Amino acid sequence: MAFEFVEGNEAIARAAVRAGCDFFAGYPITPASSILHYLNEDLPPRGGVVIQAEDEIASMGFCIGAAMAGRKAMTATSGPGISLYSENIGLAVMGETPLVIVNVQRQGPATGSATRGADGDVQFTRWVTSGGLPVIALAPATVEDAYLLTFVAFNFAEKFRTPVFLLSNAELGIARESADLDAVPLPPRFDRVKAPPAAEGFRPHQFDNPADVPAFADFGGDTITRFTTSMHDKDGFLTSRPAVIQEMVDHFAAKIDAAADEIALVKEDLQDGADTLVVSYGVTSRSVAVAVREARRRGRKVSSLVLQTLWPCPEKALRAAMRGLKRVVVPEMNMGQYRQEVERLAPDGVEVEGVCKMDTTLLSPDEILRKGGLL
Amino acid sequence: MSAPAIASYMTDRIGPLPFCPGCGHTTLTHALDKALVKLQLDPRRVVVVTDIGCIGLSDRYFTTHAFHGLHGRSITYACGLKLARPELKVITLMGDGAAGIGGAHFLNVARRNIGITLLVGNNFNYGMTGGQHSVTTPEEGLTSSTPAGNPEAPMDLCATAAAAGAPWVWRATMFDPDLPDVLADAIAQPGFAMVDVWELCTAYYMPRNQFKKKELLEMFGAHGLTTGKVVDRPRPEYTARLREVLASAKPPRPSPGIEPRFPHAVSRQTGIVIAGSAGQKIKSSAALFAQAGMFAGLHATQKDDYPITVQTGHSVAEVNLSPERVDYTGIERPDFFVLLSEDGLRRTRDTVAALPATSTLYAVDDLELPPTAARVRRLPSRELTKDAGRLSLCTAALAFLLADSGLYPVAALRAAISAFTSPKIAEASLKAAAAGAAAVHRE
Ligand SMILES: Cc1ncc(C[n+]2csc(CCOP(=O)(O)OP(=O)(O)O)c2C)c(N)n1
Ligand code: SF4
Ligand SMILES: [Mg+2]
C-alpha cells in the first residue's frame, strides 16, 4: 500500500481492468481520451480488445456486440459523445446488455468548453434514450472514489444486465491527486449469471418475477440465443401483444427499481440539531466538505449528504436526511438539475435552494457558504 | 460416427417468412440457408445479424444465434461479436437504406478488414417505410420521396466497398441460380466479404417504375456493370493480425508507490501556481514537484491549463500540497506563484495582480510585472539554466522556491526526479535542482 499521483481517468481504467473488463471501444474526446490511451496499453496484452471506433455510434455498437458475446465491455466519452450514444443506450436497455459507460463531463452544450468541467449531464443521463426507462448512474468525487465506483459500476452492470453510467467530470478525470488505489476497499466482484450450458428451451429474457434478472447466454456459445431491438417476448421474438409488451417494460423497470436500496450509495455526515442539510455529489461534494467544516467551526449546525449514486435517485436516504429540517441546499455545477429531485422529495415546509454555477470552474467552499446561507 | 448433416438452418417455429410475394428478401434468405447447408457450419458458432428494414425480419427464422440491431448499425454489432470471438462466422444482412445511414461503418469495416460477411439486400428503396429513395435508387427513379424522379446519382456499393479496401466483393442478383454458392464463398472468406444482391421490392420500387426482372438485368448494361466477382485480393484479417501483433505485448509496469521519507513544513493546504510557456516542461515539472511533496508525506493535487494546440502558447499548472487530503482543489489566492514567461503572465495577469501580501511571487528576472502586493523574488534565469539548459528552467525555479520557502527539502525533489524520470532527463533535472537551490543559498 503506497500513494501514487494518479489522474481520475487512469483510476477508472485500472478499476475496469481489476473488474475484469476485457473489451473497450471508444472515440477520442477531451477530457475522456486518456481512458482509451491507458487501456490501449493495458488490456490487449491480457487478451482484451481495445479499438478506436469510427465514431461514437460504432463505439457503442462494438461494445454491445462484444458484451453480448460474453465480454465485459466499457466505453468512455464526454457530452457530445453521449448524444451519439443515445439510440444504442436504448438498445442496451432493450437487450439487457451489461455495459459500463463513462461520461467524463465537460461544460456544454455542444462543444462547450472542451477541457473544463461541469455536471451538466445529470438529467440527460436519466433521460438519455427514448422510452424513459430507468438507468443506473454513479458519480465519483475523488480519484479513489472513481476507482471504487468504476468497479461497482461493472458489478451493477453484470448483476442487473443493464448499461451503467459513471458520471465523472473533467475536474476529476484530467486532474491528478495522491491516492492509494490498492487500499480502496472493493466489494466482491460479480459476474453475470449464465444459463447452464446448452440449456434446453433457453429463453434469453426469462423471468418469473418482474424484478428477476434473466440468465445470460453468450452469443457464439453452446446455447443458441437471440437479441432484438424490437419489443419482444421472453424468447426474444418480436411481439405486438400489448400484455406481453407491458410485462417486458415492467420487467426492465422493476429489476432496477426493486434494487434501488442496494444501488443507492450515499455518504452521510449528519449533525444532531442541524436545521440545514447540504446535498451534493461528484467533485462539488469536496467543496461542500470544506464549507460544512467551516460552518460548523463558526457554530452553525449543518448536515451533509453526499450521493455516490444519482440514478436511481436514493430516495430513502434523501427523505430520511431531510426529516425535521428547515432548509436544504443543493450546490451544483449546472443550473439546478438534481435540485428537482430533492424538491420532489422534500417534506412540506422544507425550503430547497440551489447554488448553481456552470462557468467551467469549481464551486468554491466560500461560494457555498455565502450563497447557500451557511454563514 | 459423424453427426448427421444439417438439412436446414431455418425454423418454421414462428411461421413462414413475412415478406411480400415475390420480394427479393425471400430469395436472399433461402439462399443464405442453402449456403449454410453447403458449408455445414456448427450453428452455435454462427451469428446472423440483421439491420432495420424489411430485411431485418429475417434473422429470427435462423437456428443460429440471431441479433437484430438498430438502423444502419448492424455492421458495428457484427464487428463487436467478431472482435470478441474471432472464431465465429458472423453474417450480416442489411438493406440499401442501411448502407446509406450506416455509411461510415460500411467504409470502415471494409478498410479494417474485419472478417464478417455482409449481404446487402439491395432493392433500390426503403421497403419498410413506404418506398422512399435510398443511396442506390437509380437516377430518375420514382419513389415516394422522389415523385418527379430521383435527382440524385446512385452509389455503387461494390465500387465503394472496393475503394475502401474490401478484399472480397461480389455483385449478384436475386435471379442468379448460383446465389447460394456465391454466399457460401463469401462466408468462407477469412476476411471481410460483401455480396451486393440486386433485388425487387414488389410492393414499391417494382410497380412504381415498371422495374421487373428484365429491367433489373438491363440496368447492369446501362451502368456498364456486370454480375460476378468485383474484388478478390486477400489481405490479413483484422482480428488475426491483432492476435499476431499482441502475442508479444506486455502490460505496462505499475508505477512505483511513494513512501514518505522526508520531513515537511506545510501546516495547511498550500496552493502553488506555475505559469509559463509550452515547451518549458511546466506540466511534468509540476508533477515532479507534487510527487516530491508526497515523498515528504504530503497530499497533492495537480490541474493543468494549456491550449488544445499543445506546442504553443501558455502552460499553467496548479498544485496543492497539504498535510491532509485535499478536498477543494481550486486555488483562488495562491500562496506561491512561479512565473516563467510572457505567455504565462498573459494568461494569469489578473491573478498575479490580485496576489495578496501573504503570497510570494517568483518571476524570471526579465519579466515586467503588473503591480502586486505579493513579496516578489526574482529568478536569475541565466544562472538557473547555465548547467542544465533552458528546458530545465521550471525544475530549477521550483528548487529555488523550495530552498527559499522550506516547504520540504530539495532532497525530496531529487528523489522524485530519480524515481520518475528516465536517466537522461534525470541528469539534467538534478543539475537544475542543484542550480535552483544554490542560487538561493548564494544570496
Ligand atoms: C434511426 C432510424 N431512422 C429511421 C428509421 C425508420 N426506418 C425503418 S426501416 C428504414 C429503411 C429501410 O430501408 P432498407 O435498409 O433499404 O431496407 P428494406 O426495408 O428495403 O429491406 C427506415 C428509414 C429507423 N428505424 N431508425
Ligand atoms: S415492402 Fe418491399 S422490401 Fe418489404 S417485404 Fe414488401 S416487397 Fe419486400
Ligand atoms: Mg431497401
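Protein chains get the first letters and strands the later ones, always in sequence-line order, with residue 1 at the start of each. Just so you know, these numbers come straight off a predicted model, no measurement behind them.
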*Taking B/C79, B/A78, B/G293, B/P252 one by one, which has the highest count of heavy-atom pairs under 4.5 Å against chain A?*
B/P252

*Is there side-chain contact between B/R13 and A/D235, with heavy atoms separated by less than 4.5 Å?*
yes

*Under 4.5 Å between any side-chain heavy atoms of B/R112 and A/I51, yes or no?*
yes

*Answer yes or no: is there a side-chain heavy-atom contact under 4.5 Å between A/E144 and B/R325?*
yes

*asked:* Is it true that, when you exclude A/R370 itself, more than 12 heavy atoms of the residues, nucleotides or ligands shown sit nearer than 6.0 Å to its CZ?
replied: yes

*Can you measure from CD1 (A/I57) to NE2 (B/H105) and round to the nearest 0.5 angstrom?*
5.5 Å

*Tell me, for B/R243 versus chain A, whether the close heavy atoms (under 4.5 Å) come from the side chain, the backbone, both or neither.*
neither

*So how far is it from B/I308 CD1 to A/T30 OG1, rounded to the nearest 0.5 Å?*
4.5 Å

*Just wondering, do B/Y77 and A/M68 contact through their side chains at under 4.5 Å, heavy atoms?*
no

_For B/L83 against A/V49, the heavy-atom pair lying closest together_ = O-CG2, 3.7 Å

_Quick check: closest heavy atoms across B/Y328 and A/L363, and the distance to 0.1 Å?_
CE1-O, 3.6 Å

*Spatial distance of atom CZ (A/F227) from atom CG (B/L81) [nearest 0.5 Å]*: 9.5 Å

*asked:* Under a 4.0 Å threshold between the charged nitrogen and the carboxylate oxygen, would A/R116 count as salt-bridged to B/D305?
replied: yes

*Highest number of heavy-atom pairs under 4.5 Å with chain A: which of B/A287, B/A249, B/P251?*
B/P251

*asked:* Walk me through whether B/L107 and A/E54 qualify under side-chain contact (heavy atoms from CB on, under 4.5 Å).
replied: CA-CA 10 Å; B/L107 294 178; A/E54 55 268 27; over 6 Å; no

_Options A/E171, A/E7, A/R176, A/R14, ranked by heavy-atom pairs under 4.5 Å with chain B, top entry_ = A/R176

_A quick test of your reading: do over 12 heavy atoms of other residues, nucleotides or ligands sit less than 6.0 Å from NZ of A/K267?_
no

*How about B/R60 and A/L238: do any of their side-chain heavy atoms sit closer than 4.5 Å?*
yes

*Does any heavy atom of chain B fall under 4.5 Å from the side chain of A/F219, the backbone, both, or neither of them?*
both

*Segment of A/T142 engaging chain B (4.5 angstrom heavy-atom cut-off)*: neither

*If you tally heavy-atom pairs under 4.5 Å against chain B, which of A/A141, A/A73, A/P365 wins?*
A/P365

_Could you check whether any side-chain heavy atom of A/N88 comes within less than 4.5 Å of a side-chain heavy atom of B/L70, counting everything from C-beta outward?_
yes

_Side chains of B/T76 and A/M60, heavy atoms from C-beta outward: is any pair under 4.5 Å?_
no

*More than 12 non-hydrogen atoms from neighbouring residues, nucleotides or ligands closer than 6.0 Å to CD on B/E87, yes or no?*
yes

*Atom of B/G69, atom of A/L91 and distance for their closest heavy-atom approach*: CA-CD1, 4.4 Å

*Per-residue contact mode, B/T239 against chain A (heavy atom under 4.5 angstrom)*: neither

*Inter-residue atom distance B/I258.CD1 - A/F5.CZ, 0.5 Å rounding*: 8.5 Å

_Value rounded to 0.5 Å, distance of CZ in B/F295 from CZ in A/F3_ = 13.5 Å

*Which one of B/G257, B/A300, B/G56 has the most heavy-atom pairs closer than 4.5 Å to chain A?*
B/A300

*With side chains defined as the heavy atoms from C-beta onward, is the minimum distance between B/R85 and A/R71 less than 4.5 Å?*
no

*Carefully, step by step, assess B/N320 and A/E177 under the rule side-chain contact (heavy atoms from CB on, under 4.5 Å).*
CA-CA 9 Å; B/N320 280 294; A/E177 65 183 307; over 6 Å; no

*Relative to chain A, which of B/D59, B/L88, B/I52, B/V46 shows the most heavy atom pairs under 4.5 Å?*
B/L88

*Among A/A67, A/G61, A/A25, which residue forms the greatest number of heavy-atom pairs with chain B at distances under 4.5 Å?*
A/G61

_Using every non-hydrogen atom in the two residues, find where A/S364 and B/E332 come nearest and quote the distance to one decimal._
CB-OE2, 3.3 Å

*Is it the side chain or the backbone of B/T63 that comes within 4.5 Å of chain A heavy atoms, both, or neither?*
backbone

*Answer yes or no: does atom NZ of B/K283 have more than 12 heavy-atom neighbours from other residues, nucleotides or ligands under 6.0 Å?*
no

*Would you mind checking which part of B/F62 comes under 4.5 Å of any heavy atom in chain A, side chain (CB onward), backbone (N, CA, C, O), both or neither?*
neither

*asked:* Check this for me: B/F262, atom CZ, are more than 12 non-hydrogen atoms of other residues, nucleotides or ligands nearer than 6.0 Å?
replied: yes

*Let me know if B/I14 has heavy atoms under 4.5 Å from chain A in its side chain, its backbone, both or neither.*
side chain

*Below 4.5 Å from any heavy atom of chain B, which atoms of A/D55 appear? Answer side chain, backbone, both or neither.*
side chain

_I'd like to know if A/D222 pairs up with B/R45 as an ion pair, taking the criterion as any Lys NZ or Arg NE/NH1/NH2 lying under 4.0 Å from an Asp or Glu carboxylate oxygen._
yes

*Donor-acceptor pair, B/H65 side chain versus A/T225 backbone, under 3.5 Å?*
yes

*Taking only residues at least two apart or on different chains, which pairs with a member in residues 289-299 of chain B satisfy side chain to side chain donor-acceptor pair (under 3.5 Å)?*
A/S178-B/H299

_Derivation and outcome, side-chain contact (heavy atoms from CB on, under 4.5 Å), residues A/L362 and B/K303_ = CA-CA 12 Å; A/L362 291 170; B/K303 278 193 271 191; 3.5 Å; yes

